[in-house]
Number of protein chains: 2
Amino acid sequence: MKKTSLKDLAKHLGLSQTTVSRGLSNYPEVTETTKALIRAAAAELNYAPSSSAQKLAMGRSFTIGHIVTLSQHMTINPVYADFIAGAGETYAAHGYDMLLSMASKDQELATYRNLTNAQKVDGFILSEPVPGDARIALLQELGIPFLVHGRAHSHAEDTKHYAWLDVDNRQGVYDGTSHLIAQGHHDIAFLNGPESLHFALERRRGFEKALQEASLTPHPSWLVSADMTEQQGYEHATRLLSEAKQPTAIICSSVLMALGIQRAATAKGLSLGRDLSVLCWDDCLSGFHDSAQIPQFTAMQSSIFEAGAMIAELLISKIISPQSATPQTLLKAPLVEGKSTGPGPYF
Amino acid sequence: MKKTSLKDLAKHLGLSQTTVSRGLSNYPEVTETTKALIRAAAAELNYAPSSSAQKLAMGRSFTIGHIVTLSQHMTINPVYADFIAGAGETYAAHGYDMLLSMASKDQELATYRNLTNAQKVDGFILSEPVPGDARIALLQELGIPFLVHGRAHSHAEDTKHYAWLDVDNRQGVYDGTSHLIAQGHHDIAFLNGPESLHFALERRRGFEKALQEASLTPHPSWLVSADMTEQQGYEHATRLLSEAKQPTAIICSSVLMALGIQRAATAKGLSLGRDLSVLCWDDCLSGFHDSAQIPQFTAMQSSIFEAGAMIAELLISKIISPQSATPQTLLKAPLVEGKSTGPGPYF
DNA sequence: AATGCTTTTGAAAGCGCTTTCAAATTACAG
DNA sequence: CTGTAATTTGAAAGCGCTTTCAAAAGCATT
């Protein structure tokens, strides 16, 4: 049995394709009565419009592109997976599809170009921007809407020319650090993420600013940039807790790291919140999020899933009305008190 | 500047659309000379065919659908992320795109149906089949090609009616267990994955079969079904290693669990491979894979990434020649000796 | 009943490709 | 040369929708 086309449906109803098409798209000029008729017949004949025909006729693809580069590790990291999940829900709600494309690093730009030229997508979302990201210039040249998750420049002036949504990493860590200081901690270590990425740089700045304002100078080996894994958290914490002079508080860039720190602390017989304060950045990842009434870890919280949903929403608006103002959204990551911090020695 | 269409290109060349189209698609009836001309002009005018026009004309979408259901945890698990990465590379190599769709559990079937009816995809890949999975019946009814990663039935007879690629979970765990027994272990625990999933059931069967053949009966609390996380590995191992009668070897269903077991063992002052043998299933996940010369863990290895690539390949063949035999591929997961196992007390 | 509006419907022209079928060209044998 | 077969090209008909523009129908007002 062949698929029913609009033509079939129109013939069946004794109406023109035009009216049927309008009826299904809920145009105001079609009477409710005929609309009802049309819908009934459509349901009966199990009609569904062919998306490629629609795309061709309307000149839009109703598809958003996500390109992920498989690095040496061929991996899609969990943060990105969560982000995609958030975006995907929003797409579905708006009738958009998500085109996920894998590319090696050296084919990345070509892939953006091809997808654009073949008109396979109406827009892109860029993830994990690096400083001065080349993709931004390319997409601007191609003239296709896009939204960046994060920013690619440190100076506000440079970020004015493209649309982005970011979380205020600097302010978040600043707030967290200040909080610890106010609680009486003067010896604070920071296990940051990889500082080749922009967000980690921002976090570092927040940390340094808070210390500076309190006239504190950190031990050089207390500010480290590492992969945000449990293992790294464990190793660095173990080291920190073995040195002669030990921090009374550790800030870290992910819940995973915090778990590693906890493991190290437990091994040393230290209790979190009493003997050692731990403060972390919590991306609220589905798998790792700390959703207890009183969270295990005191943290700056900012949901990546929601960021994905918001970005998707912004991009779709931008696609629909390209002339609207370029959205530049800075989210706050509020500090949520958990059980892993407590007063320090100077309290 | 407007996009150049095939018509523009043909006019520019003084040829017909037909010839140009054929030339670009490398039809044999077009002379190499004209082909060269066409290609040069296409490059010059920066021509790229509109994919929706192609799709409409050819009646195919060159797109494969992946539907992921966001469970209560809204998560895309790392195993799936890796699988997708493998499939994605293969799609790209064959000129196919990947449509990733998020759906809640109760909209899952409707989403398969919609994507099919709108002709958005040429085929599907089903992941994480549950016993008697309803999606299989649906897709068969819809008459769209699909491939299952894993199987949905325990009896070989029932799996004959659909295409799948699976790894021999039963045999893998059987081999691993037998190996431990041969090494002199009689007290073996098994931390399996969630037994609601088919693969976990298979693994359990392999475990039980090996024990039975050696006339061993496991302690009931030594066979547990749990989430495959580090935490679960840690907790169950801690429990196992605290009871009066302790296993001399633990088999588990993921590297993550093995890490948890290692943490528990270390905390008890036990050394892996000497005081306790640990054998795990290794999906060779990008992030967690143990690629040392002599791996940390003795493991049954089977790369999910490669499974993704193979399945994609099989599906594309099936789409191209729907009449071909239904592929049913069972991969082996070879046992690779690492440092985490050693002779047991009965050796 | 004729007039001018407003509302509702439809014919037909795209959208940009592929592909069928026929025509034109070339090659080759007689 | 001519006739026939093999090769190369092109006109035009879709693919299944949306949308423009024009026509028809409905309705109230004179």
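Each chain gets a letter, A, B and so on, in the order its sequence line appears, and its residues count up from 1.
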Quickly work out the [X] [atom1] to [N] [atom2] distance and round it to whole Å.
X	N	atom1	atom2	value
Phe62(A)	dC17(D)	CZ	P	14 Å
Asn26(B)	dT18(C)	CG	P	13 Å
Arg60(A)	dC17(D)	CZ	C1'	14 Å
Leu6(B)	dT19(C)	CG	P	13 Å
Leu24(A)	dC17(D)	CG	P	10 Å
Glu32(A)	dT7(C)	CD	C1'	14 Å
Lys55(A)	dC17(C)	NZ	P	16 Å
Gln54(B)	dT19(C)	CD	P	10 Å

Is it true that His153(A) and Tyr162(A) have ring centroids separated by less than 6.0 Å? yes
Using a 4.0 Å heavy-atom cut-off to protein, can you give one letter per nucleotide of nucleotides 8-15 of chain C, 5' to 3': B if the base is in contact, S if only the sugar-phosphate is, - if neither? SBBBB-BB
Among Ile311(B), Ile136(B), Leu314(B), Leu330(B), find the one that has a side chain to side chain contact (heavy atoms under 4.5 Å, CB included) with Trp164(B). Leu330(B)
Which residue, Val20(A), Leu24(A), Asp8(A), forms the side chain to side chain contact (heavy atoms under 4.5 Å, CB included) with Tyr47(A)? Leu24(A)
Tell me whether the side-chain N/O atoms of Ser21(B) come closer than 4.0 Å to OP1 or OP2 in dC17(C). no
Within less than 4.0 Å of OP1 or OP2 of dT9(D), is there a side-chain N or O belonging to Tyr27(B)? no
About how many Å separate CD1 of Ile64(B) and CG of Asp122(B), when rounded to the nearest 0.5 Å? 6.0 Å
Any side-chain heavy-atom pair of Arg39(A) and Asn26(A) under 4.5 Å: yes
Note, Ile304(B) side chain near His149(B) side chain (heavy atom, < 4.5 Å): yes
